[in-house]
Amino acid sequence: VVGNGRYGSFVVTNAVILKSLNGPANTIIDAGGNGRAVTLNAPAVLDGFGVENGAASDCGGIMADGGAFITNCVIRNNQAAGQGGGLCLFGESVAVACRIESNRALNAAGVYAQTGSVAGTTIRGNAGTGGYGGGAELAEDAEMIRCTVEANTNQVGGGIHLSGGAIRGCTIAWNRALTDGGGVSMEDGFADSCLLHHNRAGTNGGGLYMPVTGQVFNLTIADNQGAVGGGAYLSGTAAFWNGIVVSNGASHRFYFVLF
């Protein structure tokens, strides 16, 4: 158990449990802008910490590999030149019941998940610097389950960018893409039972942008805006089943390109 205070950066290589005494407001890992804040290279547990002011080429706040488990943490004000400003997940690592906010990176300003899962987490106010995924980017077999992704920005995929993986039961709202995919951009992957509302894209797909492939089921897409496909923009072999698309604003509210 770790007591109240501010602590410097650290690396974990063993299967240990690190739990704060009084939660993330009182026990803070502060990298001071000098390198990544936390590196977990083992099935360790990080429970109840604030993680702040990390700065790295990738994974500014936390890099988790080897089946690490992160819960009840507030990950904020971190940055990466490449991907994963707040958090990176590899090796089936998991983040549950965290807040990931006000982080910056080129891609995946809040979270980059190659594998593993993010569940019950709020991802808010993260800002990309001209790439993909303001709130998060999922790849391979990563999953995001019952998360709230709101008020994030990037060039493409203001809320979430999927190059693989899946999102289930998420609320994706008030995000902005400078070009395509205000709420979600999907090159590949899967989405089920999500609500996309009040997202905005400068060009295509205010709520949802699927230019290549991917599958979505049971989505509600409402009150989004984009120049073309205010609700959704689908092309290639993208597939949309059993959804509700309503009250979106654009010259074409739902736009298909068929080949």
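Values in this document were obtained by computation on a predicted structure and should not be read as measured data.
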query = So, does Arg176 use its side chain to make a donor-acceptor pair with the main chain of Gly159 at under 3.5 Å?
reply = no

message = Show every disulfide bond (SG atoms under 2.5 Å apart) that has at least one partner inside residues 124-215, sequence neighbours left out.
response = none

query = Arg99: what forms a salt bridge (charged side-chain N to carboxylate O under 4.0 Å, His left out) with it, not counting sequence neighbours?
reply = Glu101

task = Would you mind reporting whether Ile123 and Glu150 have side-chain heavy atoms less than 4.5 Å apart?
result = no

note = Tracing side-chain contacts under 4.5 Å among Ile, Leu, Val, Met, Phe, Trp and Tyr outward from Val74 reaches none

message = Within the 4.5 Å heavy-atom criterion, are His161 and Glu187 side-chain neighbours or not?
response = yes

ask   = Mind checking whether Ile28 and Ile70 sit in one hydrophobic cluster, side chains of I, L, V, M, F, W, Y counted as touching below 4.5 Å?
value = no

inquiry  = Could you work out, with side chain to side chain contact (heavy atoms under 4.5 Å, CB included) as the rule, every residue matching His197, not counting sequence neighbours?
reply    = Thr171, Ala173, Trp174, Leu195

inquiry  = Which Ile, Leu, Val, Met, Phe, Trp or Tyr residues join Val96 in one cluster when any pair of side-chain heavy atoms under 4.5 Å counts as a link?
reply    = Ile17, Val45, Phe69, Val94

message = Would you say that Asn103 contacts Gln79 through its side chain, given a criterion of any heavy-atom pair below 4.5 Å between the two side chains?
response = no

Salt bridge (charged side-chain N to carboxylate O under 4.0 Å, His left out) partners for Arg146, two or more places apart = none

remark   = Hits for disulfide (SG to SG under 2.5 Å) against Cys73, two or more places apart or cross-chain, chain-then-number order -> none

task = List in chain and number order the residues that pass disulfide (SG to SG under 2.5 Å) with Cys59, two or more places apart in sequence or in another chain; answer none if no residue qualifies.
result = Cys88

message = Would you compute the distance between atom CG of Leu219 and atom CG of Asp192 and round it to the nearest 0.5 angstrom?
response = 7.5 Å

query = What residues form a side chain to side chain contact (heavy atoms under 4.5 Å, CB included) with Asn41, not counting sequence neighbours?
reply = Val11, Thr39, Met63, Asp65

ask   = For Asn199, does its backbone N or O pair with a side-chain atom of Asn224 as donor and acceptor, under 3.5 Å?
value = yes

request  = Kindly indicate whether the side chain of Ser20, heavy atoms from C-beta on, has any atom under 4.5 Å from the side chain of Phe49.
outcome  = yes

query = Between CG of Leu21 and CG of Asn26, what distance do you get to the nearest 0.5 Å?
reply = 8.5 Å

ask   = Can any side-chain N or O of Asn175 pair as donor or acceptor with the backbone N or O of Ala151 at less than 3.5 Å?
value = yes

message = Working to the nearest 0.5 angstrom, can you tell me the gap between Thr213 OG1 and Asp188 CG?
response = 5.5 Å

message = How long is the straight-line distance from CG of Asn154 back to OG1 of Thr129, given to the nearest 0.5 Å?
response = 6.5 Å

query = Quick one: does Leu138's side chain get under 4.5 Å of Tyr112's, heavy atoms only?
reply = no

message = Using a 3.5 Å distance criterion without hydrogens, assess whether the side chain of Asn248 forms a donor-acceptor pair with backbone atoms of Ile221.
response = yes

query = Measuring from Ile172:CD1 to Leu196:CG, what's the distance to the nearest 0.5 Å?
reply = 4.5 Å

ask   = Quick one: does Thr121's side chain have a donor or acceptor within less than 3.5 Å of a partner on Cys98's backbone?
value = yes

ask   = Is there a side-chain contact between Arg124 and Ile100, using heavy atoms and a 4.5 Å cut-off?
value = no

ask   = Do Ile167 and Val216 belong together in a cluster built from hydrophobic side chains that touch within less than 4.5 Å?
value = yes

request  = Output every pair passing salt bridge (Lys or Arg N to Asp or Glu O under 4.0 Å) with a member in residues 130-145, not counting sequence neighbours, ordered by first then second residue.
outcome  = Glu143-Arg168

task = Starting from Trp241, walk the hydrophobic network (Ile, Leu, Val, Met, Phe, Trp, Tyr; side-chain heavy atoms closer than 4.5 Å) and list everyone else you reach, by chain and number.
result = Phe190, Phe217

task = Could you walk me through whether Asn77 and Asn53 pass the side-chain hydrogen bond (donor to acceptor under 3.5 Å, both in side chains) test, one step at a time?
result = CA-CA 5 Å; Asn77 296 328; Asn53 300 318; 5.0 Å; no

key: Residue of the set Thr27, Asp47, Thr71 for which side chain to side chain donor-acceptor pair (under 3.5 Å) holds with Lys19   = Asp47

key: Single-linkage hydrophobic cluster, 4.5 Å side-chain cutoff, Leu46 and Ile75 together   = yes

task = Find the distance between OH (Tyr209) and CG (Asp180) and round it off to the nearest 0.5 Å.
result = 4.0 Å

key: For Ala238, side chain to side chain contact (heavy atoms under 4.5 Å, CB included) partners two or more places apart   = Met210, Leu234

task = Could you tell me whether a side-chain N or O of Thr115 sits under 3.5 Å from a main-chain N or O of Glu92, the two making a donor and an acceptor?
result = yes

request  = Kindly check if the number of other-residue, nucleotide or ligand heavy atoms within 6.0 Å of CG (Asn34) is above 12?
outcome  = no

